[in-house]
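Structure record follows, encoded as structure tokens.
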Amino acid sequence: MIPSRLISIGRFSKREEYAQSVYCHWLVLYCSGMESLQLFAPDGRLLLAGDAATEPFVGLYPPGARLRFRFGAGRENWVLMFDAPEITWSGADNALAVAIDGDRLVFPWKRTLTPEELPQCREQLQQLRKLQDSALPRDQLAARL
């Protein structure tokens, strides 16, 4: 298991245009409403140039990434912020990497979702947010696990 620290979970639905830097890991679920998105890797390379035709995806944005975006009507995206120092950006692979027990596992930072997978991912993030927002310590602990 990779030790990590959950920071926050948010659902975003308002129109917004913004540029920002990623300071911890972001697990992103993009559902709808994108007008434009430019995501840059920590080394400055363009990873994604998205627009209204971008299909739903789940992505893991590493610390040091930067993005500029514009979302319009019908926006839905989720961001789960967490710290996991073991997960690092591998510029040579244009992917993420994790070292576990001496082995190095490289995996893609983004995966397009099928129409069947999107509701399942949304439900999992809704449940995590519900647990995190709970006043009960056991629920907050469950969100971290």
Side-chain angles (χ1 to χ4, degrees), residues 1-91 93-100 105-145:
M1 186 166 111
I2 299 171
S4 65
R5 182 177 66 90
L6 178 63
I7 296 170
S8 71
I9 304 168
R11 178 182 180 272
F12 301 90
S13 58
K14 294 182 180 177
R15 293 176 184 259
E16 183 177 18
E17 184 171 353
Y18 201 66
Q20 62 192 127
S21 296
V22 176
Y23 294 104
C24 61
H25 291 87
W26 289 8
L27 178 68
V28 174
L29 173 63
Y30 166 69
C31 303
S32 60
M34 181 186 302
E35 293 179 0
S36 67
L37 171 72
Q38 291 180 307
L39 175 66
F40 298 91
D43 59 15
R45 283 185 285 171
L46 181 66
L47 288 177
L48 176 65
D51 58 23
T54 300
E55 295 182 68
F57 67 85
V58 62
L60 184 57
Y61 297 3
R66 293 176 300 109
L67 61 150
R68 288 191 296 258
F69 61 83
R70 186 173 59 248
F71 285 97
R75 175 187 186 182
E76 182 183 5
N77 70 293
W78 291 77
V79 179
L80 185 151
M81 296 180 181
F82 66 101
D83 281 329
E86 299 79 9
I87 301 174
T88 59
W89 177 252
S90 174
D93 299 304
N94 209 34
L96 294 158
V98 62
I100 301 174
L105 173 67
V106 177
F107 57 96
W109 68 271
K110 175 183 173 279
R111 182 175 174 283
T112 301
L113 297 172
T114 67
E116 296 78 26
E117 292 171 319
L118 180 58
Q120 296 168 350
C121 291
R122 181 186 290 125
E123 176 63 26
Q124 288 175 343
L125 287 172
Q126 288 170 337
Q127 289 297 329
L128 278 173
R129 188 169 88 174
K130 182 179 174 183
L131 289 170
Q132 183 195 32
D133 291 346
S134 172
L136 299 174
R138 75 168 181 248
D139 289 347
Q140 294 173 6
L141 179 61
R144 289 187 217 136
L145 299 175

Hey, what do you get for [atom1] ([X]) to [atom2] ([Y]), rounding to the nearest 0.5 Å?
X      : Y      : atom1 : atom2 : result
Leu29  : Gln124 : CG    : CD    : 9.5 Å
Leu118 : Glu55  : CG    : CD    : 11.0 Å
Leu96  : Tyr61  : CG    : OH    : 12.0 Å
Leu27  : Leu60  : CG    : CG    : 6.0 Å

Which atoms form the tightest heavy-atom contact between [X] and [Y], and what is the distance?
X     : Y     : result
Phe82 : Ala84 : CE1-CB, 3.6 Å
Pro62 : Trp89 : CG-CE3, 3.8 Å
Pro63 : Pro42 : O-CG, 3.4 Å
Ser32 : Gly74 : OG-O, 2.6 Å

According to side-chain hydrogen bond (donor to acceptor under 3.5 Å, both in side chains), who are the partners of Glu35, at least two apart in sequence or on a separate chain?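 Expected list: Arg70.
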Looking at [Y], is its backbone amide N or carbonyl O close enough to the side chain of [X] to form a donor-acceptor pair, meaning the two atoms are under 3.5 Å apart?
X     : Y     : answer
Ser90 : Ala97 : no
His25 : Ile87 : yes
Asp43 : Arg45 : yes

Exercise. Measure up the Tyr30 and Phe71 rings against each other and bin them: parallel (under 30°), tilted (30 to 60°), perpendicular (over 60°).
Key: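 Correct class here is tilted.
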Open item on the list: Could you tell me if Gln127 and Glu123 have a donor-acceptor pair between their side chains, going purely by distance under 3.5 Å?
Closed with: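 Indeed, the side chains of Glu123 and Gln127 share at least one donor-acceptor pair under 3.5 Å.
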request  = Look at Arg68 together with Glu17 and state whether they make a salt bridge at an N to O cut-off of under 4.0 Å.
outcome  =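 Between Glu17 and Arg68 there is no salt bridge, as every charged N stays at least 4.0 Å from the carboxylate O atoms.
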